[in-house]
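The next block holds one structure in the form of structure tokens; read it before the comments.
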Protein chains: 2
Amino acid sequence: MNFSRTTEYALRIMSFMAMNEQKLYSANEIYANLKIPFRYLRKLLTTLSKSGLLISVQGKSGGYRISKDLSEISLLDIIQQTGDNKFKNECFFGFHDCAFVKKCAMHDKWAAVRENINQVLTTTTLEEIKETGPHSFISNNNSVFTKND
Amino acid sequence: MNFSRTTEYALRIMSFMAMNEQKLYSANEIYANLKIPFRYLRKLLTTLSKSGLLISVQGKSGGYRISKDLSEISLLDIIQQTGDNKFKNECFFGFHDCAFVKKCAMHDKWAAVRENINQVLTTTTLEEIKETGPHSFISNNNSVFTKND
DNA sequence: CATAAATGATACCTTTGGGTATTATTTAGA
DNA sequence: TCTAAATAATACCCAAAGGTATCATTTATG
């Protein structure tokens, strides 16, 4: 009952980059701030670029930049790009046809919970995240990972 | 952003058994109704027994029975026995010390969401699940698994 | 135009969750 | 007291997620 690690990483990255939305960030710079395992970070950044949330610039002095206006990127938009969006309409007990055949015992109660979650995730945009600061996006769990690149 | 498959299984099992709370169910009978992969089901049932949610009776004509009054078993109680309880106090971005060092941008909003979830999971007991019926706990995804025992 | 510094692609390794197989133990009842 | 039918324990297997390594490509700049 969490987001996957990968989704958390994506949320951190996008939120961090939102602090300076025009800026072109290199993977190195993001790594320096967020301490996400470097090679995995690189992979994730290309994923986010392919998904359209980021624009990548190749070559020396290249990097990544947020592609749209901050107000147009909701947390759900980010979450959905990392495959962690299953919860959207899912039955509490994990039955695939819950809504269609018979309601399960938790159907209505859980629908309300999901609605609450969805409401927060769709209405909270990076713009709001930016404005909510100052705050720490810095992972200070002394990373066991090395950069190695 | 779901419960794990194992947690879903546990929720199905306990909810199913709550339909007849005094009854001693054999693994076979539960399998016949829920179609959870048989050997995994067996394993899970011993886990639930060790956790105290179920009482197991060994030997021929043995089986499992819910150990307490239905009103004393909340959904959270079940969820916590399958290791899926991380969400309880967890930061939106997955930072371990979010609450202690600096609040993250989502801290308050997400705390409210978690509170909502916790409220539902702690106040909904198996008694309520039982009363909410009739409903289907029957997995009709034509199982690809065989029983094999 | 060579080099350095960046991203892209791809293949591989590791850990964990889900699932299986085998053997041991318990106990009701013929 | 033997057998059948149940649970207990344990070890193993497989797939997916997380993470690493290597090489290729792009491009600013000396």
Side-chain angles (χ1 to χ4, degrees), chain A residues 1-10 12-13 17 23-32 34-51 54-65 67 81-86 94 139 143-149, chain B residues 1-10 12-13 17 23-32 34-51 54-65 67 79 81-86 94 139 141 143-149:
Chain A
M1 195 59 190
N2 277 78
F3 298 111
S4 70
R5 212 183 198 84
T6 302
T7 295
E8 286 177 354
Y9 288 164
R12 295 182 194 186
I13 293 166
M17 293 177 72
K23 179 172 176 179
L24 197 68
Y25 290 91
S26 70
N28 271 295
E29 188 168 5
I30 296 171
Y31 172 77
L34 299 184
K35 292 289 188 299
I36 295 166
F38 186 69
R39 294 186 145 112
Y40 198 61
L41 170 65
R42 293 265 316 275
K43 207 198 262 185
L44 229 184
L45 285 168
T46 42
T47 301
L48 292 172
S49 297
K50 282 185 186 163
S51 81
L54 296 180
I55 287 171
S56 80
V57 176
Q58 289 195 57
K60 189 168 177 175
S61 78
Y64 305 88
R65 179 189 299 117
S67 68
Q81 297 311 324
T82 54
D84 215 344
N85 57 343
K86 289 177 295 182
S139 159
S143 182
V144 292
F145 302 105
T146 50
K147 183 157 173 295
N148 222 7
D149 207 342
Chain B
M1 193 63 187
N2 277 80
F3 298 111
S4 69
R5 213 183 195 82
T6 302
T7 295
E8 286 178 354
Y9 288 164
R12 294 183 194 186
I13 292 167
M17 293 177 73
K23 181 172 175 178
L24 196 68
Y25 290 90
S26 70
N28 270 293
E29 188 168 5
I30 296 171
Y31 173 77
L34 299 184
K35 292 290 186 298
I36 294 165
F38 188 68
R39 294 185 145 113
Y40 198 60
L41 170 65
R42 293 268 312 278
K43 206 199 260 185
L44 230 184
L45 285 168
T46 43
T47 300
L48 292 172
S49 297
K50 281 184 185 165
S51 80
L54 296 181
I55 287 170
S56 80
V57 176
Q58 289 196 55
K60 189 168 177 173
S61 78
Y64 305 88
R65 179 189 300 118
S67 67
I79 292 166
Q81 297 312 323
T82 54
D84 214 343
N85 56 343
K86 289 177 294 182
S139 158
N141 29 321
S143 181
V144 291
F145 301 105
T146 50
K147 184 157 173 296
N148 221 6
D149 209 343

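Protein chains get the first letters and strands the later ones, always in sequence-line order, with residue 1 at the start of each.
- Residue-level contact check: T6(B) touches the backbone only, with heavy atoms under 4.0 Å from sugar-phosphate atoms and none from bases.
- Applying the side-chain hydrogen bond (donor to acceptor under 3.5 Å, both in side chains) test to T7(A) and every residue at least two apart in sequence or in another chain returns S4(A), T82(A), D84(A).
- Over its length, the helix from dC1(C)-dG30(D) to dA30(C)-dT1(D) turns its helix axis by 10°, as judged from the five terminal pairs at each end, rounded to 10°.
- Between I13(A) and L45(A), the closest side-chain pair of non-hydrogen atoms falls below 4.5 Å.
- Out of dG18(D), dA21(C), dA9(D), the shortest distance to the side chain of K50(B) is found at dA9(D).
- In this structure, I13(B) atom CD1 and dG18(C) atom P are separated by 13 Å, rounded to whole Å.
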Under 3.5 Å, which N/O atoms of the protein pair with N/O atoms of nucleotides 12-15 of chain D?
none

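- Taking side-chain N and O atoms only, Y9(B) has a distance below 4.0 Å to OP1 or OP2 of dG19(C).
- For the side-chain hydrogen bond (donor to acceptor under 3.5 Å, both in side chains) test, no residue two or more places apart in sequence or in another chain qualifies with K60(B).
- For E29(B), the side-chain hydrogen bond (donor to acceptor under 3.5 Å, both in side chains) partners two or more places apart in sequence, or in a different chain, are K23(B).
- Between S49(A) and the phosphate of dT7(C), there is no side-chain N or O to OP1/OP2 separation shorter than 4.0 Å.
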- Where protein sits on nucleotides 23-30 of chain D, one letter per nucleotide: B base, S sugar-phosphate only, - none, heavy atoms under 4.0 Å: ---BBB--
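- Comparing dA21(D), dT20(C), dA6(C) by their closest approach to the side chain of N28(A) singles out dA6(C).
- Listed by chain and residue number, S67(A) satisfy the side-chain contact (heavy atoms from CB on, under 4.5 Å) test with I55(A) (two or more places apart in sequence, or in another chain).
- For the pair R5(B) and dG18(C), the criterion of a side-chain N or O lying under 4.0 Å from OP1 or OP2 is not met.
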